[in-house]
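Note sheet for the following structure.
These numbers come from the heavy atoms of this one structure, side chains and all, not from hydrogens, waters or symmetry mates.
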2 protein chains.
Amino acid sequence: MENRCENCIIRQFNSLRALNKDELKKVSDSKISKKIKRGEALFIEGQKLDGVFCVREGVSKLSKLSSNGKEQIVKLTNRGEIMGQRSVIAEDFTNLSATAINDMEVCFIPKEIITNTLNSNPYFSLEVLRHMAHDLKEADDVIVNMSQKTVKQRLAEAFVYLKKNYGDDEEGFLSLTLSRDDYANIVGAATESLIRMISEFKKKGLIKTEGKKIGIVEEETLQELADGF
Amino acid sequence: MENRCENCIIRQFNSLRALNKDELKKVSDSKISKKIKRGEALFIEGQKLDGVFCVREGVSKLSKLSSNGKEQIVKLTNRGEIMGQRSVIAEDFTNLSATAINDMEVCFIPKEIITNTLNSNPYFSLEVLRHMAHDLKEADDVIVNMSQKTVKQRLAEAFVYLKKNYGDDEEGFLSLTLSRDDYANIVGAATESLIRMISEFKKKGLIKTEGKKIGIVEEETLQELADGF
DNA sequence: TGTAATAACTGATATATATCATATATTAAA
DNA sequence: TTTAATATATGATATATATCAGTTATTACA
């Protein structure tokens, strides 16, 4: 029995660490491991979820499509995160779609287990609450950035964020490779505008590129740019 | 004993309704009623809160100031809402400032009561969780609107929202009177740009104005405009 | 392995919105 | 009430970013 939750380090990073042995056993017994290929959806906007996803490996984007076909990425998920809790807790349709950015390994946990545990274990509720409080703060920050920063500043910020959160390889390229389209949808700009800015950053020596791959060269300057200098 | 929480209808609208008699008594014994004048702050960005606020009367704006002095309003609070919970739960500094838009009456509840109850009463945690889930969804929606809608669309949406949430008076003017500056900070635009749009809406007969006051004339058209037609 | 499909890139131009300047109305204060 | 301070309004102009059109490079696939 290799892949039991009891032995899974991932849970240390999320609210599942508040579960006791019994609860954890129940989760482990009912969970379903899934592999999601790059580009595939975990769930889509407006769907009703009958459980949550615990991310063991890979990165996904949470996004929303507008009527004119433009996508806005609201958040990138990290390893160890639980996805879909908002919808399960509010007993609501999902307000966002989740799409794998690279190959993912997730565990699906049926909602009954989650809601039962929420009702009985206040520590678990509190943990979930803390995580959601964190998400809410980040969302507020994004709102402010969207209205007060230029696309250039947001792009600089995104680069610094990606390096900080997902690291880079031996050659100094970001480990998480996004398409130009994804970048545009994160900073909220037209793809062409964004490509132009990447070219500009490259010309100024702030970043380097090799095909899709992007490497952060002048992290501090990018940070300053993001902060408005 | 008039103003005891036990007799306060307001709590039916927020997570405090999950409290049992004993818990409610404790809250009531330790709460402090406060009157906040229009323009005064309940708390400011970066502060540490030693409690939460339960809004009995009045409206406040949650906002963040940027380095260049521009303010972004993230949310308007409603009667019955609890403010400051995110910060208390995450044991974190506030990420937003709260300022009274009109005269307010709030009850301050010390954080110990809140955290103790969160630890002992899973129903309360769950209620708080549901409210935060709702806030998070709204925040996500704002992010998407900020990036995908024009200022004009966002303004139209704001008018419809204000009418729906705060109603209007006998003469058809919005009950909640905001300054042009506040409007600009809600939709994330320069004040002059916003004023111009108000003039335009007025010219087209979508709204009417009388000094600061704004009345919604063509609600449906505004809604359509907000949705992109 | 070659060809189609898709993504990345660049240029020209249009447009929404910001900024600066200034006038008028409204509110606060002396 | 009169003056000062602040908010609202409008015009002219600048600027960031979107849009449209087209080219080159990559990737997928038959």
Rounded distance in Å - CZ (B/Arg196) to C1' (C/dA16):
12 Å
From CD1 of A/Ile195 across to C1' of C/dA8 the rounded distance in Å is 5 Å
Could you check whether A/Ser179 gets within reach of a base, just the sugar-phosphate, or nothing at all, counting any heavy atom under 4.0 Å?
sugar-phosphate
Let me know the distance between CD1 of B/Ile207 and C1' of D/dA9, rounded to the nearest Å.
13 Å
Any cation-pi pair here, B/Lys31 with B/Phe108, using under 6.0 Å and within 45°?
no
Comparing A/Met197 and B/Lys202 on DNA chain D - which has the more 5′ nearest nucleotide
B/Lys202
With a non-hydrogen cut-off below 4.0 angstrom, is A/Ser193 in contact with a base, only sugar-phosphate, or nothing?
base
Ranking B/Arg38 and B/Arg154 by the position along DNA chain C of their nearest nucleotide, the one closer to 5' is B/Arg154
Let me know the distance between CG of B/Asp181 and P of C/dT26, rounded to the nearest Å.
18 Å
Could you check whether any side-chain heavy atom of B/Lys111 comes within less than 4.5 Å of a side-chain heavy atom of B/Lys48, counting everything from C-beta outward?
no
Mind calculating the distance between CD (B/Glu192) and P (C/dA18) to the nearest angstrom?
9 Å
For B/Tyr161 and B/Tyr166, take the angle between the two ring planes, folded into 0 to 90°, and tell me which bin it lands in: parallel under 30, tilted 30 to 60, perpendicular over 60.
perpendicular
What is the separation between atom OH on B/Tyr183 and atom C1' on C/dT17, rounded to the nearest whole Å?
20 Å
In terms of side-chain heavy atoms, does B/Asn185 have a donor or acceptor partner in B/Glu71 at a distance below 3.5 Å?
yes
Taking CG from A/Leu155 and C1' from D/dA16, how many angstroms apart are they, rounded to a whole number?
14 Å
Pairwise distance CG(A/Leu136) to NZ(B/Lys75) - rounded to 0.5 angstrom
9.0 Å
Under 4.0 Å, heavy atoms only, any strand: does A/Ser199 hit a base, just the sugar-phosphate, or nothing?
sugar-phosphate
If you compare every side-chain N and O of B/Lys212 against the phosphate oxygens of D/dT8 (OP1, OP2), does one of them come in below 4.0 Å?
yes
Could you give the CD-to-P distance, from A/Gln153 to D/dT15, as a whole number of Å?
17 Å
